[in-house]
Protein chains: 2
Amino acid sequence: MPFARRGYHHGQLRAALLHAARNLLRERGTGAFSLADAAKLAGVSPAAPYRHFRDREALLGAVARDGFVLFSARLAEAWTSHADPREAFAAMGRAYLAFARDEPGLYAAMFSQDAPLDEEGRAEAAKAFELLVKGVAGVLAAANQQGRMPMPDPLPIAMQVWSMSHGVAGLWYGGRPPACPLEPEQVLQEGVQALLEGTLAAARRRPVQVGLWNQPPDAKR
Amino acid sequence: MPFARRGYHHGQLRAALLHAARNLLRERGTGAFSLADAAKLAGVSPAAPYRHFRDREALLGAVARDGFVLFSARLAEAWTSHADPREAFAAMGRAYLAFARDEPGLYAAMFSQDAPLDEEGRAEAAKAFELLVKGVAGVLAAANQQGRMPMPDPLPIAMQVWSMSHGVAGLWYGGRPPACPLEPEQVLQEGVQALLEGTLAAARRRPVQVGLWNQPPDAKR
DNA sequence: TGTACATCAGTGAACGCGCGTTCACTGATGTAC
DNA sequence: TGTACATCAGTGAACGCGCGTTCACTGATGTAC
């Protein structure tokens, strides 16, 4: 039992509440989460949380913010754990799904409007997305070492990858798993693989335009 | 006001409750949905719904089932509205997103474990997925009119397309829309485009093996 | 080192609310004779 | 055609519950002198 209280004053109630809330989120959903239960789990009266959070929403928002911090850390860890960008990117995908699998309630809260993110929370969410963009850019650069093709804009591709990851996570870990016998990791891995391959194939069809990198072909007129 | 009651007996309370529940789901989320409000919206006492549904979950499950029926209809409509499989498939994607945009609460309920599907409901959900598989198979066949490459199994591809669609829907219509300036329709359309292109590129690399269609290359030993 | 006091984290009882669900009932409907 | 009666959809009042939140309070902590 981490964050156990020591006396009349808890000492680290804020951290204990965040911890308890995450556990509740894991067992029940975002909707079933209750402030009273979080307080009880932290071994404290139902009024105590109000010393640290304005209301229920504020606690949920803080949990979601911490969720994005943890999420970013896991993605960054996966990215730096491999030298080859393609392997690193694949590891990122596995880390993404592992996070959604192990913390489905937290993951759902992070992307739900029930847990309103403050400015800092939105910055943390943006940071996680930046990691994905960096990963996509790395894979694209690795596939284009000779600079034979115009570099596609990594942002829409990252958004497509994010969408597929979010979709796989939602379908398998967010509700009813699909009836088909496919493994979510495989679906995502092969899907992203094909997605990148198709993008690169399209890019190879366009002539290299030195000085016009990252610009769409129509922009020259 | 559809399904308005006429006298002491409502006449079509079951349908009215399903209608009211869908409206509530549209305005609030799955979590905030309440049986009492559905009854009030249908102009009936809070005990009346129990004549037609075992409990709150049963009503939600019935709403979800009807949601899948409507969803399938929209997808089928889009598919049959174009002769060219590629155009039809693109229309299906747009129909998918339009459904999730116009009925976000219903869409969320359909994929949430809060609304337990009965046998019939699961069959309806499977039917919607079948339409997607049919669409993928149609596009693959159109790209392979000369029979030059082994036909890839449409099922995992359909699952990847479903995941990306579900992810785009979840990100843009299910919570916080992403900060990036991309349109969800464009992200999905281009993503699926690249995904299919990559899959076809991979398939072209394999030699045609007459009599071994739909079998993975390793299966020959 | 000791003491008075400000600060503030946590208490516990209470509130109002809305919800899911039950229950004895009432009134409309339709069917058997 | 008329009447008695079974059926059953909807009533309304009530229940128990859990929740978010407030409020006057209490007790520990740390700081100024």
Side-chain angles (χ1 to χ4, degrees), chain A residues 1-25 27-64 105 109 112-116, chain B residues 1-25 27-64 105 109 112-116:
Chain A
M1 49 206 78
F3 309 115
R5 71 185 305 178
R6 297 202 193 286
Y8 183 92
H9 287 101
H10 189 291
Q12 29 186 0
L13 180 54
R14 196 191 145 87
L17 283 171
L18 288 171
H19 184 81
R22 216 167 82 193
N23 280 340
L24 282 175
L25 240 35
E27 288 161 23
R28 336 236 273 258
T30 315
F33 163 81
S34 107
L35 200 62
D37 273 348
K40 194 182 297 179
L41 217 73
V44 111
S45 90
Y50 290 88
R51 292 280 156 206
H52 300 273
F53 300 98
R54 204 181 62 260
D55 55 14
R56 178 180 182 275
E57 275 199 340
L59 172 54
L60 268 180
V63 171
S112 152
Q113 50 218 354
D114 296 349
Chain B
M1 52 206 73
F3 308 115
R5 70 184 305 176
R6 299 205 192 282
Y8 183 92
H9 287 101
H10 190 293
Q12 30 186 359
L13 180 54
R14 195 192 147 87
L17 282 172
L18 287 171
H19 184 80
R22 217 166 80 191
N23 281 339
L24 282 175
L25 239 34
E27 289 162 24
R28 336 236 271 261
T30 314
F33 163 82
S34 106
L35 200 62
D37 273 346
K40 194 182 299 176
L41 218 74
V44 110
S45 90
Y50 291 88
R51 291 280 157 206
H52 299 273
F53 301 98
R54 203 181 63 260
D55 54 14
R56 179 181 181 275
E57 275 199 340
L59 172 54
L60 268 180
V63 171
S112 150
Q113 49 218 354
D114 297 350

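Just so you know, these numbers come straight off a predicted model, no measurement behind them. So that the names make sense, note that chain A is the first sequence line, chain B the second, and so on, each numbered from 1.
Looking at every heavy atom in both residues, B/Ala42 comes nearest to B/Ala20 through N-CB, 4.4 Å. Minimum interatomic distance between B/Ala109 and B/Ala115 (heavy atoms only, all atoms of both residues): O-CB, 3.5 Å. Nearest heavy atoms, B/Gly29 versus B/Leu25: O-CD1, 3.8 Å. Nearest approach of B/Pro116 to B/Asp114, heavy atoms of both residues: CD-O, 3.1 Å.
Between B/Leu13 and B/Arg51, every side-chain heavy-atom pair lies at or beyond the 4.5 Å cut-off. The closest side-chain heavy-atom distance from B/Leu59 to B/Arg56 is not below 4.5 Å. Proximity of A/Leu18 to A/Phe53: side-chain heavy atoms (C-beta onward) are separated by under 4.5 Å at one or more points.
With rounding to the nearest 0.5 Å, the separation of CG in B/Leu17 from CG in B/Leu35 is 7.5 Å. Of the inter-residue distances, the one linking B/Asp37 atom CG with B/Glu27 atom CD reads 10.0 Å to the nearest 0.5 angstrom. Atom CG of A/Leu24 sits about 10.0 Å away from atom CG of A/Leu60, to the nearest 0.5 Å.
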**OP:** For DNA chain D, just give me the dot-bracket, please: Watson-Crick or G-U, both distances below 3.5 Å, ( ) intra-strand, [ ] crossing earlier pairs, | paired with another strand, . unpaired.
**Re:** .||||||||||||||||||||||||||||||||

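When each of B/Asp55 and B/Arg51 is assigned the nucleotide of DNA chain C bearing its nearest heavy atom, the one mapping closer to the 5' terminus is B/Asp55. Between A/Arg56 and B/Ser45, the residue whose closest nucleotide on DNA chain D is further toward the 5' end is B/Ser45.
Between chain B and DNA chain D, the heavy-atom contact criterion of under 4.0 Å yields a 5' to 3' nucleotide range of D/dA9 to D/dG12.
Heavy-atom distances under 4.0 Å link DNA chain D to no residue of residues 27-41 of chain B.
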